[in-house]
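Just so it is clear: chains get the letters A, B, ... in the order the sequence lines come, proteins before strands, and each one is counted from 1. Given the structure is predicted, the values throughout are model-derived calculations rather than measurements.
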Amino acid sequence: MADERTIRALEEKVAELRRLVEEEGVDLREELELLEARLQKLQREYYRSLSDWDRVRLARHPDRPRGLELVHRVCEAFYELRGDRQGGDDPALRGGLARFAGRPVGVLFHHRGSTSEEQRACRSGMALPCGYRKAVRIMRVAERLRLPLLTFIDTPGAYPGVRAEEENIAGAIAESIAVLLELSVPTVAVILGEGGSGGAIALAAADRVLMLENATYTVISPEGAAAILWKDAAAAPQAAQALALSAPRLKELGVADEVIPEPLGGAHVDPEGTAQAVREAVLRHLEELLQLPLDERLKLRYSRYRNAGNLGTKAKTK
Amino acid sequence: MPIRKDSKDRYVEVELRRGEEPLWMRCGACGELVFRRRLRENNYICPRCGAYFFLTAQERIAALVDPDTFQDLTLPLESDDPLKFSDRKPYADRLREARESTGLSDAVMVGKGKIGDHEVILAVMDFRFIGGSMGVVVGEQLAHAMDVAVEARVPFVLVVASGGARVQEGVLSLLQMAKTVAARGRLARAGVPYIAVLTYPSTGGVMASIASLADVTLAEQGALIGFAGPRVIQQTTGEKLPPGFQRARYALEHGLVDGVVPREGLREELMQVLDVLAGVPHGG
Ligand SMILES: [Zn+2]
C-alpha cells in the first residue's frame, strides 16, 4: 500500500543501504536496486492518488521553493523595487523588474521567507495593505514601460490584523484587482503554493492562470471552512475535498489554464526542475499572449472574468 | 437566522419564521414587542430603545426609493451548485431553504427606481440569504446591475449586507470579486457614478472587491466594515481589538468612508449626493 509512512520508512532503508554500499563497500547492490525500484513504484502510486488534503500539505511543505528563490531560478536577472511610496514596504509581497527568456518583464510575488527570522518578518506570506499598494505601483511601472507582468502566488491570505484593517486592506486588495484587470500589457499568474482567498486573487486576476500540480487556490482555508460549516476543525480534509481547491480540479473548472507538473514527491524534491517547468510554461503562455492583437487580448481578459463561473447557469455571455 | 446580536451597536436579531409575516416583532435588544406596521413606519428602528432591525432587500428598497417607482430587474438566475457542495448539510438544501424563507432567488435584488426624483439603478443585498454571501449568481446580478447602469447612463447605488464570498461555491465565489471589479471598470470608463451604502455587515470578499471601489461611500450607523472577522484577527495575531473596531464610526475615523448616516437619514443623504451629481454622467 502506498502511504506516507511506508514510503518514509522505505526511503530510510534505501538511504542506509546506499550508505553501506557506497561508503563501506558492502556488496548489496542488487538488494539496493530492488528496493529503489519498489520505492519508486510506491512513490508513483502515492503521488498519483493524492487526496486534496495531501496536496494542501504539500503546498504548505516547509521546504517548498519560496517566491524569491523561484523568481531567481525562473528569471535570468531580478532587480527588486521596494516600497509603496506611501510610508510602507512589505517583505511578504515583493516585486520589481526582471529579465525573463531574454526580455524585460515586471514581476510580483508573495514571499514567505526561508529562515525562521525571515518567516516572522514575512508573516508566512500574509501581505499588508502596503504590500498590495506596492504591487499596484509596480503594475503601473510595468504598464508605463510596456513590460509583460508575471505574478507568483503563495499566500495563506492577506494579513488579518488591526492595523491592516485600519489601513484598508480590503480597499488595497480591491484596487490591486482593478488595476491588474485594466493593464494593457499581457499578464501571467502562477500559483506556486497556497492561493489563499483575497490575498491571492489580488495578484491572480491575469490573462492566464497556471498552477503547480500541488498548489491550491481557494476562497477559504480548509480549516476555516471546517470551523464555519462543519463546526469541527477535524473536518479540514473533507473541506479541502469539497472546496475543489486542487490544480487538477481547477483545470477542469476552467479556473486554471494549465497544471505544471511537479517532480515525484513535490516541488521541494527538485527546485531547479520545478523552476524549469514553470519557466517553460510561462514562456509558452506569454508568447501566445504576445501574438494576440491588444484589443482581442483585453476582450478575452474581460470576458474571462465578467463571465466567471457562469457556465452551467442561464446567464448570458458578456 | 445566524445573525449576531449587539445591543450596544443597535443591530439586533429579527425573529422570522419561514413563509409567514409576523404581525408583531420582538426587539432583540430590549425585548419590546412592536407592531410590525409601527416598526416599518419607524424605519425598522425599535421605538423603545432605538436598536436597528435587519432589513430585507424589499424593506430596504421601500425605505430608499420614491413610492411606486421601483421596477425589479433581477435576472431569473438560480445557483446550480457548481461544486455539488455538501458539509453537514447539502448546499442545495441551504439554497432551497433560503429561497423559501426570503422569496428571493439569491442574496441580492436589482432594479430601477427613483430617489428624490433622480433615476438610479439599485442593487440591494439581503443578509438573510446565506449571510448575503457572494457566489456566482450574486456576482452576476451585481455585474448585471452595473451593465444596466452603463446602458441607462444613470447612477448605480449598491447597498451592501454581506459577510463575504460564499464558501459553498469555492474559488468560483472568489472569482466573483474579479467579475464585479471588471464590471465596475466598465462603469467607471463610462463615467457613471457609483454610490455604495455599507450596512451590517460589509466584510470579506465583497468588501475586498466591489464594495471598496465606489465614488461615494456611505456607512449606515452601526455598520460592520472590514476584511477579516474579529475572531480570525484574534486567533491569528492575538491582538486586542480596540473599542468600536470595524464599526461605521471607526471606519470614518480611519478614512475608509465618506460619512456615517443614521438609518432614518439615508434616503435624504442619497438625495443630496444625487442632487450634487445631477447631470452626471454627462449626456445621461
Ligand atoms: Zn428595542
Side-chain angles (χ1 to χ4, degrees), chain A residues 126 157-175 177-178 180-182 195 197-198 200-202 204-205 217-220 224-226 228-232 235 238-239 242-245 250 253 255 301-302 304-315 318, chain B residues 75-80 82-83 85-88 135-137 139-140 143-144 147 165-179 181-186 203-205 207-213 225-229 232-233 236-237 239-242 245-246 250 254-256:
Chain A
M126 295 189 279
Y159 187 69
V162 169
R163 219 174 123 201
E165 294 288 326
E166 290 173 349
E167 292 174 354
N168 196 14
I169 184 67
I173 290 170
E175 191 69 20
I177 298 170
L180 191 49
L181 287 176
E182 302 268 314
S197 74
I201 198 171
Y217 190 17
T218 182
V219 67
I220 188 171
I228 293 173
L229 295 177
W230 278 264
K231 319 275 181 208
D232 176 10
Q238 284 156 268
L243 285 166
L245 47 61
L250 292 170
L253 288 167
V255 174
R301 185 194 297 157
Y302 177 80
R304 176 187 188 124
Y305 291 102
R306 176 62 186 80
N307 299 306
N310 284 2
L311 210 75
T313 72
K314 290 186 198 123
K318 299 269 177 179
Chain B
L75 294 169
L77 294 176
E78 286 186 354
S79 172
D80 68 334
L83 305 183
F85 193 97
S86 185
D87 43 84
R88 295 186 310 170
V136 172
V137 169
E140 187 60 28
H144 161 66
D147 287 352
R166 187 168 297 168
V167 173
Q168 293 93 338
E169 294 182 24
V171 171
L172 299 178
S173 297
L174 193 67
L175 288 178
Q176 303 312 304
M177 295 168 68
K179 178 193 281 183
V181 171
R184 178 267 179 185
R186 238 185 116 226
T203 54
M207 205 57 223
S209 61
I210 187 61
S212 277
L213 296 172
I225 299 165
F227 179 59
V232 174
I233 294 175
T236 314
T237 69
E239 289 176 301
K240 197 164 159 274
L241 305 182
F245 182 61
Q246 288 183 329
Y250 195 85
H254 287 88
L256 307 184

The interface call for A:Glu166 against chain B, heavy-atom contacts under 4.5 Å, is both

Residues at least two apart in sequence or cross-chain that pass side-chain contact (heavy atoms from CB on, under 4.5 Å) with A:Lys318, listed by chain then number, are A:Arg306, A:Asn307, B:Asp147

Under a 4.5 Å cut-off applied to non-hydrogen side-chain atoms, are B:Leu83 and A:Leu253 in contact?
yes

**OP:** Please check if the side chain of A:Glu165 supplies one atom and the backbone of B:Ala228 the other of a donor-acceptor pair under 3.5 Å.
**Re:** yes

If you tally heavy-atom pairs under 4.5 Å between each of A:Lys231, A:Gln238, A:Glu175 and chain B, the highest tally belongs to A:Lys231

- prompt: B:Gln176 side chain to A:Ala308 main-chain N or O, any donor-acceptor pair under 3.5 Å?
  reply: yes

Here the gap from A:Leu229 atom CG to B:Gln168 atom CD, rounded to the nearest 0.5 Å, amounts to 5.0 Å

A:Val162 and B:Glu239 have their tightest heavy-atom pair at N-OE1, 2.9 Å

Okay, A:Leu243 and chain B: the region with an atom under 4.5 Å from a heavy atom over there is both

Sorted by chain and residue number, the ring pair (Phe, Tyr, Trp, His ring centres under 6.0 Å) partners of B:Tyr250 (sequence neighbours excluded) come out as B:Phe245, B:His254

Assert top hit (heavy-atom pairs under 4.5 Å, partner chain B, pool A:Ala244, A:Gly312, A:Ala205) equals A:Gly312

Cut-off 4.5 Å, heavy atoms of chain A, and the answer for B:Glu169 is neither

Heaviest contributor of heavy-atom pairs below 4.5 Å to chain A, chosen from B:Ala165, B:Ala143, B:Gly226, is B:Ala143

d(A:Ile173 CD1, B:Ser212 OG) to nearest 0.5 Å is 9.0 Å

Note: B:Phe227 and A:Ala158 closest approach over all heavy atoms is CE2-CB, 3.9 Å

When rounded to the nearest 0.5 Å, the distance separating OG1 of A:Thr313 from CD of B:Glu140 is 6.5 Å

Bottom line for B:Ser86: the part with an atom under 4.5 Å from chain A's heavy atoms is backbone

d(A:Ile177 CD1, B:Arg184 CZ) to nearest 0.5 Å is 11.5 Å

Looking only at B:Leu241, B:Thr237, B:Ile210, most heavy-atom pairs under 4.5 Å shared with chain A are made by B:Thr237

Exercise. Is the closest side-chain heavy-atom distance between B:Val181 and A:Tyr305 below 4.5 Å?
Worked result: no

All heavy atoms of A:Val219 vs all of B:Gly170, minimum pair found to be CB-O, 3.4 Å

Turns out that what part of A:Ile220 lies under 4.5 Å from chain B's heavy atoms comes down to side chain

| said: Counting C-beta onward and ignoring hydrogens, is there a side-chain heavy-atom pair between B:Leu175 and A:Ile201 closer than 4.5 Å? | reply: yes

Turns out that what part of A:Leu311 lies under 4.5 Å from chain B's heavy atoms comes down to backbone

Query raised in the report: Can you find a heavy atom in the side chain of B:Val171 that is under 4.5 Å from one in the side chain of A:Leu250?
Result: yes

Of the listed B:Leu256, B:Leu77, B:Val136, B:Ile233, the one with the largest count of heavy-atom pairs under 4.5 Å with chain A is B:Ile233

Between A:Tyr302 and B:Arg186 the two heavy atoms that sit nearest each other are OH-CD, 3.3 Å

The interface call for B:Leu172 against chain A, heavy-atom contacts under 4.5 Å, is side chain

